Amino acid sequence: MLTLSSPHTHGSNSTSKVMLTVILATLPGLLVTTLLFGYGTFINVLLAVATAMATEALVLKLRQRPLGFFLKDNTAALTGVLLGLALPPLAPWWITVLATSFAIVFAKQLYGGIGNNPFNPAMVGYALVLVSFPLHMTTTWAVPMAVDNSAVPGLLDSVAVIFAGASPDAFSGATPLDAYKHMIDSQTSSEVLKNPIFSGWLNGGWEWVNLAYLAGGLVLLWRKIISWHIPVAMLVGLSLCSLLFGWDEDMYAPLSLQLLSGATMLGAFFIATDPVSAATTPRGKLIYGAGIGILLYVIRAHGAYPDAVAFAVLLMNFAAPFIDAYTQPRTYGHKAARRGLIAKSEK
Amino acid sequence: MSTLTTILIAVAVLVVLATVFGAVLGFASVRFKVEGNPIVEQINDILPQTQCGQCGYPGCKPYAEAIADGDKINKCPPGGESTIQSLADLLGVEPEPLDAEHGAEKDVPTVAYIREDECIGCTKCIQACPVDAILGAAKQMHTVIAEECTGCDLCVEPCPVDCIDMIPVGQDISSWYWQAPTSGVELIASDRRSVGGPA
Amino acid sequence: MTHKIHLYDFHGGIHPPENKHQSTQRSIRNAGLPAQLILPLHQHIGAAALAEVQVGERVLKGQRLAHADGKISVPLHAPTSGTISAIEERPVPHASGLTELCIVLTPDGEDQWGEHPSLLQQLKVSDFSDIEPKQLVDFISDMGIAGMGGAGFPTAAKLQTRQYPIHTLILNGAECEPYITADDMLMRERASEVVMGAQILQHILGSQRCLIGIEDNKPEAIEALKTALAEHNQQHLMDLVVVPTKYPSGGEKQLIQLLTGEEVPAGGIPAQIGVVCQNVGTASAIYRAVYQGEPLISRITTVTGDACAEPGNWDTLIGTPVSHLLQLSGYQPQARERVIMGGPMMGFALPHTDLPVVKTSNCLLAPTEQELPPNDIAMACIRCGMCAEACPAELLPQQLYWFSKAEEFNKAEQHNLFDCIECGACSYVCPSHIPLVQYYRFAKGAIREERAAQAKSERAKERFESRLARQEREQAEKEAKRKARAEAAAKAKQAAAEQPPAAAADTPSELDKLNKKLDAAKAAVAKTQEKLDAARADDSQAEKVPALEAALEKTQAKIKDIAKDIAAAKKAAASTTGAADKGDPNSPERLQRKWETAQTRLATAQQRLADAQEQGLDTVAALQAGVDKQQQRVIEAKAAYEASLKGTSPAAATEAAATVDQDALKKKILAQQDRLAKAQERLQMAEADGLDTVPALSKAVSKQQDKLTQLQQQLQQAEGA
């Protein structure tokens, strides 16, 4: 007769389902992006997912792990999806392939595969190509429909740019954050915001993309896939910084631009919440999220890069184990929580 | 200012600094001295205290003293690999495999058992037992206090009628516990080979 | 309900499918008499009970079969009348599947009660409130009552809380585990018993209030309890508190937190915060004991699961085989058979069904594979933290998992591993299907084992050190004595040299004195012994026995001292005479004396050997060796004596001894061969029986063989010489 340890029953949850739900929750964002910016991101996502699955399979084969067992956990696919969404829509194919395979091989499998990576794989891949190919990464953002309807590339145009090396110039333009960063050097904030790229609330395109990710994120919260701690702390951290330093309207970007442009919402709900590399204790999650929000603001406002989700997340990944060690919850029946790391042996 | 003066000033500053910091360190080492457990005691705490003498010393404490004086850490079969590992950690040396010359590690703990109807009451085992775990008097039957027996085997040799067995300690309900799960990703494919030896 | 009870919440918890309706469709049925009852002596936490009946003895229903061993232990009673057919090791319901001592009772079918007056009758009182709480507690202990909720802690021990004042009694009727409905049905059908039991508990504890905690998924039980409370006019004294259904609200610590908002201190007991928590089943058992004199010999057990055609609750005699209950419930064995004792969250799967129902068996769950599929292969932990959200103890289960898996027990302990109540909520929610609880059980077991080993080695160290100290002391004493003797001898010598006649005269008189003393002491011993015997025989003088024993011992010690003195005096006398003639050790007289002593010794040894042979003792071989040795000594002594008489050279004597040596060796070899044969025989027997002793025996054989070869070599050398 079967004698296994209790419990003998199990909830219907599984890692594959969790990952699949996260992937599905990105669909609103992907849909809006495709509608407003053309097929570039859609193609990127497909390409990144294919690359992620292929590299994952290859490395699993080399590591002599069972392919089916690990591929069906959907984590590689999720890494691919997140990278595809994060990369510029018109980035050449090799950038996507390079970023994805680096993420899977170096940031995930070499650390021992699922569950063992100290850094968010997608963001490691993103940071690699951002640092290595700054030109390709900043000139391949598509112009949103709202700004120039004729500039939105069709499917064939996107394919040509991404795979055949056609010039993206006809379709590309700076992102709002990028544009702001360039113009704020010579103009005041209010002057910058008069530029057509920032034309009107709910009119530009990036707002809609971020709102779509927010919607997806709320679904994740509702399904209890993620807890509220990290996204809320991150958005609050970012907002507080923005309000605190935003007293000088001529110097700094307004709160709405911080929250609803760039990768803010994608980062808050889909990237910072990657459980493997994030802090795990409830209070730790708050600190971790707030840290990302603050770093995000600091790098956007004072750093060399227009957006900074990848760097902010990676930097806080470093701190996650340390944060966990100092934020353990108080256990039932104990007066106070234990803090910090443990001495090797106490007698 | 001549070069010489510069050098002299530099040297003087360094000397003063060295003196000051030396004094601070010296003071700190006296003021904040931590009374550590003597190393022999720490080693002795790690040794299994079977007092079997297989290491070549008359008991665990003497071996602990010998280790503190630089003897090898791999002479204790009852402690086995885990004791060697702990000693290596404590002393900051490389763990070595158990020295086969002193015997092999037992798979299961044992206790001595005297077949009492064969015992002739010679008291030889009583004299041999390092932890006084055998009861009896001359010409009276002897018996082992199983609770106190360390399973060192020292009583087996002297028995003139070979009535002492070392019997493995069985598991009862109070000492039984669940083993760690073995199913799961750990035992798949390549990992399994390392369990069964090199492929 | 008159008081408004504020409900608190506990951290985490889960909502697994309840699956309680299957077994509440039928009322409680009587499971009847099985062919055999298996009664483990250890059905509770604490020390096992000690059997007090013999195999073959006929016992009556309710008769005590085993008594408690200490405070944390409970006795065991016969669930029905019948014959004790065995007292032996039997498999008991435990996750390990190991055996423990059980009393096996074959019922005679008459179900005949022995004397079982209720406590009220015994004390001739009409109401339990006239009984001292202490008496009630002792009675509850005598009735074999241990916690019926699952853990089985001796109830009496839990009620002895003198050092802590108790303000609240909590009756646990939450029954939060899926499938189990034993308490639910008990409350529905025997609510009155529960309330009356609770009244007794209140009286014992002197608590101001009583809270009955019950989950809101048991409306019938709630109604029944309300009615019972009204019936006993207790509705103002006891509060029925309905708590929301959430697993594990029935955990003692969780229920206390739910109802009082307070936490039981880590490593402590509820009494420390003025609370005692008892299961409703225990309250009912207390009622039956106090009012009806019925010891704990039966309990309500749920039998459920899709593999049972007729799930329901059974009033089951303790010791009833699981297979009997399953059969009654229409159990259909499945392809991958699984029967769980307890619920799906905390129960354990039974290795087979020939196991008895014990005092803590609240449920037998026989699920089909579709119903409760066995766990999938575990995937890697992705640190999602769902376990931490579900943990009612507010632990970090995934951290504990990493530490347990890596066997970093130190860190696991630092992360409060021992506060884990093994409720299984973390495993239930884990998306990677990691058997977390099993890891914690492993880590806890390993830590406990390590602690035990540590304690043992600490004790071994102490014993070794005290042995060394003792040996040193003995050595020192010996040394001191030797010195004293040497000094005395030197003095005597000096004295003898100075005035030999006086000394010679003096010594015997000294000896006489000592002898007289000895006689007196011996007489005293005889007298004391007589007195002691008389005291032992007479109960009224019992208290004198220890004093007499002490006196006896003292006199005996005195005798020994005197004997020693006498021996010393004799020696001193001998040395004075010896000093006078100053004979050399090789003088013929001396050698003759030596020879004679050896001969006497040989005779004794031979006598002993003959006795042993007659009685067929195993010591024959050893004694034979002794005789051989003695014989050799006699021959040697004789040779030496003869040599000295003849004045021949010592070399001749040696030669004579050498031949003798050879003979002795040959004899020894024969004896050794005998021993070897015996050892081999033993080994073969052990091998045939497949005993564990085989390696030890084969070692013994090879050792014997070694000895034999050694002897043969010696012989060859001797012959060669």
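Here the structure is a predicted model, which is why all the values come from computation and not from measurement. By convention in this document, chain letters (A, B, ...) are assigned in the order of the sequence lines, proteins followed by strands, and residues within each chain are numbered from 1.
Distance check, rounded to the nearest 0.5 Å: NZ of C/Lys253 to OH of A/Tyr332 gives 6.5 Å. Between atom CD1 of residue C/Ile382 and atom OG1 of residue A/Thr15 there is a gap of 4.5 Å, rounded to the nearest 0.5 Å. Atom NE2 of A/His8 is separated from atom CE of C/Met345 by 9.5 Å, given to the nearest 0.5 angstrom. Taken from CE in C/Met386 to CD1 in A/Ile225, the straight-line distance is 5.0 Å, to the nearest 0.5 Å. Distance check: A/Thr9 OG1 to C/Leu372 CG gives 5.0 Å after rounding to the nearest 0.5 Å. Between the CZ atom in C/Arg383 and the OG atom in A/Ser277 there is a gap of 8.5 Å [rounded to 0.5 Å].
A 4.5 Å side-chain heavy-atom check between A/Val18 and C/Cys384 finds every atom pair outside the cut-off. Residues A/Arg330 and C/Asn416 form no side-chain contact, since every pair of their non-hydrogen atoms from C-beta on lies 4.5 Å or further apart. Between C/Glu394 and A/His334 there is no side-chain heavy-atom pair separated by less than 4.5 Å. Between A/Phe70 and C/Met379 the shortest side-chain heavy-atom distance does not fall below 4.5 Å.
Remark: C/Glu263 does not engage A/Lys335 in a salt bridge, criterion side-chain N to carboxylate O under 4.0 Å.
Neither the backbone nor the side chain of C/Pro178 comes within contact range of chain A, judged by heavy atoms closer than 4.5 Å. Only the side chain of C/Glu389 comes within contact range of chain A, with heavy atoms under 4.5 Å apart. Of the atoms belonging to A/Asp73, heavy atoms from both backbone and side chain fall under 4.5 Å from chain C. Only the side chain of C/Gln398 comes within less than 4.5 Å of a heavy atom of chain A; its backbone N, CA, C and O stay farther away. With a 4.5 angstrom heavy-atom cutoff, A/Asn116 touches chain C only via side-chain atoms.
Here the closest heavy-atom approach between residue A/Ser6 and residue C/Gly347 is recorded as CB-O, 3.1 Å. For the residue pair A/Thr331 and C/Ala393, the shortest heavy atom distance occurs at CG2-O, 3.1 Å.
Within a 6.0 Å sphere centred on CD of C/Gln272, heavy atoms belonging to other residues, nucleotides or ligands number more than 12. The number of heavy-atom neighbours closer than 6.0 Å to CZ of C/Phe409, taken from other residues, nucleotides and ligands shown, is above 12.
Inspection of non-hydrogen atoms places C/Ser427, C/Tyr428, C/Val429, C/Cys430, C/Pro431, C/Ser432, C/His433 of residues 426-433 of chain C under 4.5 Å from chain A.
In terms of non-hydrogen atom pairs under 4.5 Å with chain A, the most contact-rich of C/Gln257, C/Glu371, C/His11 is C/Gln257. Heavy-atom pairs under 4.5 Å with chain A were tallied for C/Pro344, C/Gly424, C/Pro373; the largest tally goes to C/Pro344.
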